[in-house]
Undergrad: 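Pasting a structure below so you can have a look.
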Amino acid sequence: MDTREWRDTIAAAQAGDRQALDELVAGWLPLVYNIVGRALNGHADVDDVVQETMLRAVGNLGSLRDPDSFRSWLVAIAMRQIRDRARRRTAPAPLAETAAGDAADFAELTVLRLQLEGQRREVAEAVRWLDDEDRQLLSLWWLEVAGELTRRELAAAAGISRQHAAVRVQRLKERVETARGIVRALDGACPDLRELTGRWDGRPDSVWRKRLARHIRGCGYCGDTRETVVPAERLLVGIALVPLPVGFTLSLALGGKTAAAAAGAAGAASVGWSAKVMAALTQPAVAVTAGATIVAGGAYVVVQTPEAPPPRAVSSPTAASTARPPAVPSTSPSATPSPSLSPSPTQRKVELYGTVVDAVDAAPDPDARPAALPRRPEAGITSSWGAKAVMQHRGETVTLSGQGYVLVRWQIAPQDRSGSLAMPTWTALKGKLFHVASAGGRRMDDPTGPDTTGMGGPDTGYTVLPAGTQQMWQNEYFYLDGSVDLTVNERGASYGLTVFPSSWKAADQDVNHGPPQGAIRYGLVRDNGEDTAPVPQYVTRTTPADRATVAQRSRV
């Protein structure tokens with residue numbers, strides 16, 4: 001919709017046209033959600049701040065004199081609500097506590113929902129390392145660079161002059177570049193950085209930002225950038241808004257007023273509310289009657305009369321998955337039907353999920369190309385640790401949920417502590433989990449230097465796998481449709497796991513081509529695209545008191 005059409009829509013909404021008001025809310029909610037979500041980095045308060053912003057905008061729409069200024073007026077309301085929220089939190093909880101209550105890391109949503117890769121992904125992940133004030137400005141500058149806001153609107157929303165905005169944006173760019181350097185270094189393999197972060201809990205904060213930035217400035221390894229670093233503003237040009245998440249609910253109720261009465265001229269007759277259901281990505285908007293509760297594959301807005309009880313939003317993984325349209329045609333079969341007590345002779349035998357027999361796999365020839373990796377549906381994976389979980393201590397757990405691919409990267413350090421390795425375990429599984437591929441260019445038992453194993457040597461000692469364990473590779477890929485916990489159970493050998501939400505494209509690239517430098521073999525595809533594909537050996541639907549005791553068998 002162009003500027004003139006929006007002007008007409010705003011004028012109609014001010015005059016009491018409820019359909020125009022619906023279009024206004026539906027059209028501008030994604031912009032408000034992106035500003036608030038990025039400023040608060042997905043904190044659990046995002047929904048409340050978005051709700052309050054839209055409530056105030058609808059309630060005060062009649063006071064807007066110039067429809068052309070609607071966008072800057074709306075953005076300014078959003079920024080005021082963000083600042084008010086910050087002032088109300090006069091005694092903020094420690095970072096670890098507040099992070100645990102976050103609804104969804106917005107940097108992670110940006111990467112997953114916009115499918116960012118390379119340096120664009122690096123910029124999105126760098127947001128976590130910024131202070132609150134910088135994130136607020138970034139939420140505006142990001143949208144300015146992406147073409148959603150003008151510099152005049154940015155300055156007005158921030159409550160500063162355009163000249164002051166230019167200075168603050170320049171300082172912000174410098175801090176973003178520092179944060180990008182930290183993200184880049186943590187993805188590297190600097191041994192000194194690994195030692196420095198040995199006691200880091202993996203959650204960004206200002207103290208660790210300063211420590212890591214100081215290390216990078218004095219480290220030839222971390223400071224050596226092998227590729228041209230593209231300025232952030234060039235990477236963000238034209239990036240779309242992050243779609244509203246599945247299950248996002250906006251419920252507007254203005255005391256005794258309806259939408260049209262609140263937005264229209266004084267004395268306008270009260271009329272019933274309508275509702276606009278907005279689906280993320282491709283679902284069309286659908287108008288429904290007041291008080292309805294709908295899930296339509298994306299976000300939905302519930303607009304209700306004051307007399308109607310508030311509808312209950314469905315946000316369980318099951319409800320979300322049933323409403324979600326498949327991203328690509330599924331190659332996996334439908335859910336296994338319950339077996340009949342007296343199957344007829346014509347019934348086809350249905351293979352059970354996870355019936356692959358465990359065995360130690362033989363090492364393929366380094367030059368043997370792997371089989372094709374079947375493509376399963378992807379709707380995105382969310383992680384309780386954000387886009388990258390770095391787990392280095394016994395008992396650390398990451399919760400993964402959604403539909404898509406997960407990369408588990410091994411880092412074994414026998415020089416720190418060799419001995420028998422206690423395998424990580426997958427517990428509390430709901431849905432299905434498959435072990436689809438191994439890659440990374442190196443198998444753990446490949447030779448390194450004079451040694452005959454990639455898991456140690458005579459001088460440092462060896463890391464020993466439990467008998468019968470499938471040989472691991474540097475990168476292990478899994479496919480999840482549901483939710484599951486992954487726990488580090490380190491007891492003897494020293495190792496760490498880095499867990500990333502990934503994609504079929506990334507897995508296929510890794511398996512077939514390996515890293516650009518130092519690859520010594522192709523990967524291994526384990527997935528056949530069916531329910532009979534392997535599941536991890538250490539997996540259970542229960543949550544045992546000691547997760548290190550999960551039985552080693554691929555049957556769930």
Side-chain angles (χ1 to χ4, degrees), residues 1-3 5-37 46-64 67-82 143 148-149 157 241-255 257-265 268 270-281 283-306 308 310-311 313:
M1 187 179 293
D2 61 27
T3 304
E5 288 176 317
W6 274 125
R7 188 187 305 120
D8 293 342
T9 301
I10 293 166
Q14 288 179 314
D17 186 330
R18 64 177 183 270
Q19 183 177 353
L21 184 62
D22 286 341
E23 292 178 3
L24 207 58
V25 172
W28 293 101
L29 177 60
L31 179 70
V32 172
Y33 170 74
N34 274 257
I35 291 172
V36 177
V46 166
D47 288 11
D48 291 341
V49 175
V50 171
Q51 171 109 358
E52 186 65 22
T53 298
M54 299 307 292
L55 185 64
R56 288 179 180 272
V58 170
N60 293 283
L61 188 59
S63 65
L64 179 66
D68 288 338
S69 66
F70 175 80
R71 182 167 63 178
S72 58
W73 175 75
L74 179 63
V75 172
I77 293 175
M79 295 305 295
R80 281 198 298 272
Q81 297 310 309
I82 291 168
L143 294 177
E148 298 290 343
L149 296 179
L241 296 176
V242 176
L244 298 169
V246 171
F248 183 90
T249 306
L250 180 65
S251 178
L252 303 179
L254 299 175
K257 298 180 180 180
T258 64
S270 176
V271 296
W273 281 69
S274 64
K276 184 74 68 174
V277 180
M278 295 176 301
L281 303 179
Q283 291 287 344
V286 180
V288 298
T289 56
T293 302
I294 297 178
V295 180
Y300 54 93
V301 181
V302 179
V303 192
Q304 63 195 56
T305 56

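Side-chain atoms are counted along with the backbone in the values below, which use heavy atoms only and exclude waters and symmetry mates. Count residues from 1 along the sequence.
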Undergrad: Does L21 form a side chain to side chain contact (heavy atoms under 4.5 Å, CB included) with L61? I'd like the steps, not just the answer.
TA: CA-CA 10 Å; L21 184 62; L61 188 59; 4.1 Å; yes

Undergrad: For V242, does its backbone N or O pair with a side-chain atom of N34 as donor and acceptor, under 3.5 Å?
TA: yes

Undergrad: Quick one: does any side-chain atom of Q14 pair with a main-chain N or O of L64 as donor and acceptor, under 3.5 Å?
TA: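 It does hold such a pair.
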
Undergrad: Please determine whether side chain to side chain contact (heavy atoms under 4.5 Å, CB included) holds for the pair I10 and D68, giving the CA-CA distance in whole Å, both sets of side-chain angles, and the decisive distance to 0.1 Å.
TA: CA-CA 9 Å; I10 293 166; D68 288 338; over 6 Å; no

Undergrad: Find out whether W6 and L24 are in side-chain contact, i.e. whether some heavy atom of one side chain is under 4.5 Å from a heavy atom of the other.
TA: yes

Undergrad: Ignoring hydrogens, what is the shortest heavy-atom contact between V46 and G37? Give both atom names and the distance.
TA: CG2-CA, 4.0 Å

Undergrad: Looking at residues at least two apart in the chain, or sitting in another chain, which of them share a side chain to side chain contact (heavy atoms under 4.5 Å, CB included) with A20?
TA: T9, A12, A13, D17

Undergrad: Would you mind reporting whether L55 and E52 have side-chain heavy atoms less than 4.5 Å apart?
TA: yes

Undergrad: Tabulate below the donor-acceptor pairs under 3.5 Å that side-chain atoms of residues 69-79 make, not counting sequence neighbours, or state none.
TA:
unit_1 : atom_1 : unit_2 : atom_2 : d
S69    : OG     : D66    : O      : 2.7
R71    : NE     : E153   : OE1    : 3.1
R71    : NE     : E153   : OE2    : 2.9
R71    : NH1    : E148   : O      : 2.7
R71    : NH2    : E153   : OE1    : 3.2
R71    : NH2    : E153   : OE2    : 3.3
S72    : OG     : S69    : O      : 3.0

Undergrad: Measure the OG1-OH distance between T53 and Y33 for me, rounded to the nearest 0.5 Å.
TA: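 Going from OG1 on T53 over to OH on Y33, the span is 13.5 Å.
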
